[in-house]
Each structure stands twice: as C-alpha cells, then as structure tokens.
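Here is the structure we will look at.
These values consider heavy atoms only, across backbone and side chains, with no hydrogens, waters or symmetry-generated copies.
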Amino acid sequence: QVQLVESGGGLVQAGGSLRLSCAASGRTFSSYLMGWFRQAPGKEREFVAAISWSGGTTYADSVKGRFTISRDSTMNTVNLQMSSLKPEDTAVYYCARSQRVGVPSAPDEYDSWGQGTQVTVSS
C-alpha cells in the first residue's frame with residue numbers, strides 16, 4: 001500500500017486561504033488518480049477534488065472556483081489550494097489514492113488514505 005501523509009491544515013479566518021499538501025511514498029504515485037475528501041464531525045465523508053495522472057481535474061460543486069488541485073509527479077505530491085474559505089469548509093481533510101478508471105468520487109472507490117489534517121475556518 002502506498003503511504004500518504006497530509007500537511008498544511010490549521011486555523012484561518014473566513015475569506016482567507018490555505019494550502020494542503022499530500023506526500024506519497026510509492027513509486028507509482030504519478031500513475032494513479034489522487035483525490036481530496038473532507039469530513040466534519042457528525043457528517044459523512046465527502047468528495048472535494050481529484051486529479052488524474054494526466055492532470056485532468058474534477059471538483060465538488062461546493063468548492064468550484066475556490067479550490068485548486070494540482071500534482072507534482074517529480075516531488076510525489078498533490079496539493080489543494082483553498083481560497084475564499086468559509087466556516088462550512090471546516091473539516092478534517094484527507095488525501096486518497098484510487099486505481100479506478102474515470103473520475104471516482106465515492107470513498108469506497110479509493111484504496112489508500114492518509115490520516116487527515118484539520119482545517120478550521122473561523123467566522
């Protein structure tokens with residue numbers, strides 16, 4: 001299993017920006033689809049964004065225009081740049097890897113997960 005480690009979470013004021021990073025230890029990182037999910041207390045884990053091996057991206061409607069996902073195969077990292085943050089963005093953010101074709105957006109379509117990083121947006 002590939003090892004994934006998220007970083008960059010923290011406390012930010014509403015309207016501010018934050019960048020999350022995910023580092024993978026596997027040599028095949030660049031050939032997989034990588035995604036970001038988030039989960040708030042008492043809520044289901046939800047899809048945020050994903051990026052394919054070729055660089056194609058997909059976003060949840062709730063973050064379109066505010067979040068940008070990017071990939072750096074050389075550094076074995078995937079990033080999530082978050083702007084115009086809202087209190088409802090508060091959650092634990094997880095990096096995940098999928099071996100499915102297409103654009104998987106369900107948690108059970110991903111087979112490797114990081115431990116998560118907390119993002120808190122104050123109002």
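Residues that satisfy the side-chain hydrogen bond (donor to acceptor under 3.5 Å, both in side chains) test with Lys43, not counting sequence neighbours, are absent from this structure.
A 4.5 Å side-chain heavy-atom check between Phe47 and Pro107 finds every atom pair outside the cut-off. Tyr110 has its side chain within reach of Phe37: a pair of non-hydrogen atoms, C-beta onward, lies under 4.5 Å apart. Taking 4.5 Å as the limit, some side-chain heavy atom of Phe67 sits within range of a side-chain heavy atom of Leu85. With contacts defined as side-chain heavy-atom distances shorter than 4.5 Å, the pair Met82/Asp89 does not qualify.
Within the 3.5 Å criterion, the main-chain N or O of Gly116 finds a donor-acceptor partner in the side chain of Glu6. Looking at Ser21, its side chain never comes within 3.5 Å of a backbone N or O of Ser7 through a donor-acceptor pair. Arg97 contributes no side-chain N or O that, together with a main-chain N or O of Met34, makes up a donor-acceptor pair within less than 3.5 Å. With hydrogens and angles ignored, the 3.5 Å screen pairs a side-chain donor or acceptor of Ser98 with a backbone N or O of Glu109.
Tyr59 and Leu20 fall within a single hydrophobic cluster, where Ile, Leu, Val, Met, Phe, Trp and Tyr are joined by side-chain heavy atoms under 4.5 Å apart, directly or via other members. Residues Tyr93 and Val2 fall within the same hydrophobic cluster, defined by Ile, Leu, Val, Met, Phe, Trp and Tyr side chains chained together at heavy-atom separations under 4.5 Å. In terms of hydrophobic clustering, with Ile, Leu, Val, Met, Phe, Trp and Tyr side chains grouped at heavy-atom distances under 4.5 Å, Val12 and Leu80 are assigned to a common cluster.
Asp61 and Lys64 are joined by a salt bridge, as a carboxylate oxygen and a charged side-chain nitrogen come within less than 4.0 angstrom of each other.
Rounded to the nearest 0.5 angstrom, Gln3 CD and Asn76 CG are separated by 13.0 Å. A distance of 8.5 Å separates CD in Gln81 from OG in Ser70, rounded to the nearest 0.5 Å. Atom CD1 of Ile69 and atom SG of Cys95 lie 8.0 Å apart (nearest 0.5 Å). Rounding to the nearest 0.5 Å gives a distance of 8.5 Å between CD1 of Ile51 and CG of Leu33. The CZ atom of Arg19 sits 10.0 Å away from atom OG1 of Thr68, with the distance rounded to the nearest 0.5 Å. Between the NZ atom in Lys86 and the OG atom in Ser123 there is a gap of 14.0 Å [rounded to 0.5 Å].
A side-chain contact (heavy atoms from CB on, under 4.5 Å) with Arg38 is found for one member of Thr90, Thr117, Val92, Val48 and no other, namely Val48.
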- Query: Checking side chain to side chain contact (heavy atoms under 4.5 Å, CB included) for the pair Val119/Leu18: CA distance, chi angles, key distance, verdict?
  - Reply: CA-CA 9 Å; Val119 172; Leu18 202 62; 4.0 Å; yes
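With Tyr94 as the aromatic partner, Arg45 meets the cation-pi criteria of under 6.0 angstrom to the ring centre and within 45 degrees of the ring axis.
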